[in-house]
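Comments concern the structure below.
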Number of protein chains: 2
Amino acid sequence: MLRMSKLTDYGTLVLAQLAANDRGLSTCASVAAATHLGQPTVSKLLKLLARAGLVVSVRGAQGGYALARPPETITAAEILDALEGPVAITACSSAVGLCGLEGHCRVGAAWQRINRSIRVALESVTLADLLTSPDPLPAEMLERELRKSAATG
Amino acid sequence: MLRMSKLTDYGTLVLAQLAANDRGLSTCASVAAATHLGQPTVSKLLKLLARAGLVVSVRGAQGGYALARPPETITAAEILDALEGPVAITACSSAVGLCGLEGHCRVGAAWQRINRSIRVALESVTLADLLTSPDPLPAEMLERELRKSAATG
DNA sequence: GAATAGTGGACTATTTTAGTCCTGTATGAG
DNA sequence: CTCATACAGGACTAAAATAGTCCACTATTC
Ligand code: FES
Ligand code: FES
C-alpha cells in the first residue's frame with residue numbers, strides 16, 4: 001500500500017530514458033521502444049511531463065522531447081507532483097472541507113507531519129540518483145550480457 | 001497523490017476512539033457513533049484490526065473491542081500494514097516478477113530506498129502521537145512548545 | 001433461551017487508474 | 001507549397017481497486 005500509480009513509475013522510466021539520450025531529442029516512439037511501454041502511454045506521460053515543465057518539446061519533423069533541466073536538479077517529488085498532483089497522504093490533508101469529519105477528527109495533524117517527512121525523502125532523491133542504481137537484478141543483467149555477447153560474437 | 005486509502009484514515013480514527021475509551025470495551029456501534037462513520041464500515045475495520053492483532057475482541061453480550069496494546073506501542077506503520085498490506089511505493093518493489101519491465105528498469109532500487117525512508121517516518125509515529133495533536137493549527141503547536149519550555153525551565 | 005455483539009465472507013456500487021483513439025497544429029524537407 | 005513528421009489536447013473505454021453494504025453464523029451474558 002501507499003503506492004504511487006504505475007503511470008508515475010513509468011514516468012520515471014521515461015525520464016530516465018530521456019536522460020540517457022542526453023545529446024538530442026527523443027521521439028515519443030523511440031522512448032516507447034526503449035522502455036517497452038505502449039506508445040500511447042508514453043505519449044500521455046510526456047505530455048504531462050511537458051506541461052509540468054520537466055521536459056521540453058519540439059514540434060514538427062525532427063522534433064521530440066528532452067529533459068528541461070539536468071537530471072541532478074529533478075527530484076522525485078517533482079515527478080510525483082507532475083504525474084499525480086501534490087502529495088497528500090490523506091484525502092483530508094490536501095484541503096479543508098474535503099472530509100466532513102474535520103470537526104471530529106483529531107488525527108489529521110500527525111498525518112501531515114508524516115506527509116512532510118515523506119516529502120523530504122522524495123525531495124532528497126534526484127533523477128540522477130534514480131539512474132545510478134547499479135543493479136536491477138543481478139541474474140537478469142547477467143543474462144542480458146550473455147545474450148549481447150552471443151549476438152556480437 | 002501517494003495517498004493512503006480513506007479506509008485507513010478511518011481506521012486511525014477508530015483506533016483513536018478505542019484509545020480514548022481506554023477503561024473498557026467499546027462496541028462497534030458506539031465507535032461508529034463517536035466517529036460519525038457508518039456502522040458496517042467500522043465493523044469491517046475492527047475486524048481487520050482484530051485479525052492484525054492491533055485490537056482484541058470480546059464476543060457476546062457486553063462484548064466489544066479494545067486496543068491490544070498501549071497507544072504508545074502502536075505505530076502508524078503497523079496500522080497501514082494491517083489495513084492495506086505492506087507498504088510498497090511501487091508495484092514492482094514488493095515482489096520480483098510483478099512488473100515485466102524488470103529487465104529494462106534501472107530505477108527500482110532508488111524507489112526502494114525512498115520506500116524505506118517512508119517506512120521509517122511511519123514507524124516513528126505512534127497512535128499516542130496521533131492522539132496528542134488536538135488541533136492542526138501551527139499556533140497551537142507553538143504554544144505547546146512554549147509551555148514545555150516553561151515547564152522544564 | 002433470548003438478546004447482544006463479534007466473525008466471516010460475499011456482494012454491489014463507486015471511484016480511480018490505465019490505456020486508447022482521434023482531431024488539430026507546428027515544423028522541416030523536398 | 002505540399003507532404004510527412006511529430007507534438008497537443010482532450011474524449012473515450014476498459015479494467016481494477018476501493019468503499020460500503022448485507023446476511024447467515026457463532027459466542028457470551030442475563
Ligand atoms: S479530517 Fe478527514 S478523517 Fe481526519
Ligand atoms: S521494475 Fe517495474 S518499472 Fe521498474
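What you see is a predicted model, and the numbers here were worked out from it, not measured in a lab.
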Among [options], which is the nearest nucleotide to the side chain of [X]?
| X | options | result |
| --- | --- | --- |
| A:Ala50 | D:dT29, D:dA8, C:dT20 | D:dA8 |
| B:Ser5 | D:dC30, C:dA18, D:dT18 | D:dT18 |
| A:Ser57 | D:dA19, C:dA29, D:dA8 | D:dA8 |
| A:Ala61 | D:dT5, C:dT7, C:dT20 | D:dT5 |
| A:Arg59 | C:dA18, C:dT25, C:dA3 | C:dT25 |

Nearest non-hydrogen partners of [X] and [Y], listed with the distance:
| X | Y | value |
| --- | --- | --- |
| B:Ser124 | B:Ala121 | OG-O, 2.9 Å |
| B:Tyr65 | B:Ala50 | CE2-CB, 4.3 Å |
| B:Asn21 | B:Ser26 | ND2-OG, 3.0 Å |

Mind calculating the distance between [atom1] ([X]) and [atom2] ([N]) to the nearest angstrom?
| X | N | atom1 | atom2 | result |
| --- | --- | --- | --- | --- |
| A:Lys47 | D:dA6 | NZ | P | 16 Å |
| B:Arg51 | C:dG6 | CZ | P | 15 Å |
| B:Leu45 | D:dG20 | CG | C1' | 10 Å |
| A:Leu48 | C:dT17 | CG | C1' | 13 Å |
| A:Lys44 | C:dT20 | NZ | P | 10 Å |
| B:Asp9 | D:dG20 | CG | P | 11 Å |
| A:Leu46 | D:dA6 | CG | P | 14 Å |
| B:Met4 | C:dT16 | CE | C1' | 17 Å |

- Ranking B:Thr27 and A:Val58 by the position along DNA chain C of their nearest nucleotide, the one closer to 5' is B:Thr27
- Item | Pair B:Leu18-B:Leu46, side chain to side chain contact (heavy atoms under 4.5 Å, CB included): steps then yes or no | CA-CA 10 Å; B:Leu18 291 185; B:Leu46 282 168; 4.0 Å; yes
Ignoring backbone atoms, test whether [X] places a side-chain nitrogen or oxygen under 4.0 Å from the OP1 or OP2 oxygen of [N].
| X | N | value |
| --- | --- | --- |
| A:Thr41 | C:dT20 | yes |
| B:Tyr10 | D:dT18 | no |
| B:Gln62 | D:dC30 | yes |

- A:Leu80: which of A:Thr75, A:Thr8, A:Ile118 passes side chain to side chain contact (heavy atoms under 4.5 Å, CB included): A:Thr8
- Message: At 4.0 Å (heavy atoms only), tell me whether B:Gly63 reaches a base, stays on the sugar-phosphate, or touches nothing.
- Response: sugar-phosphate
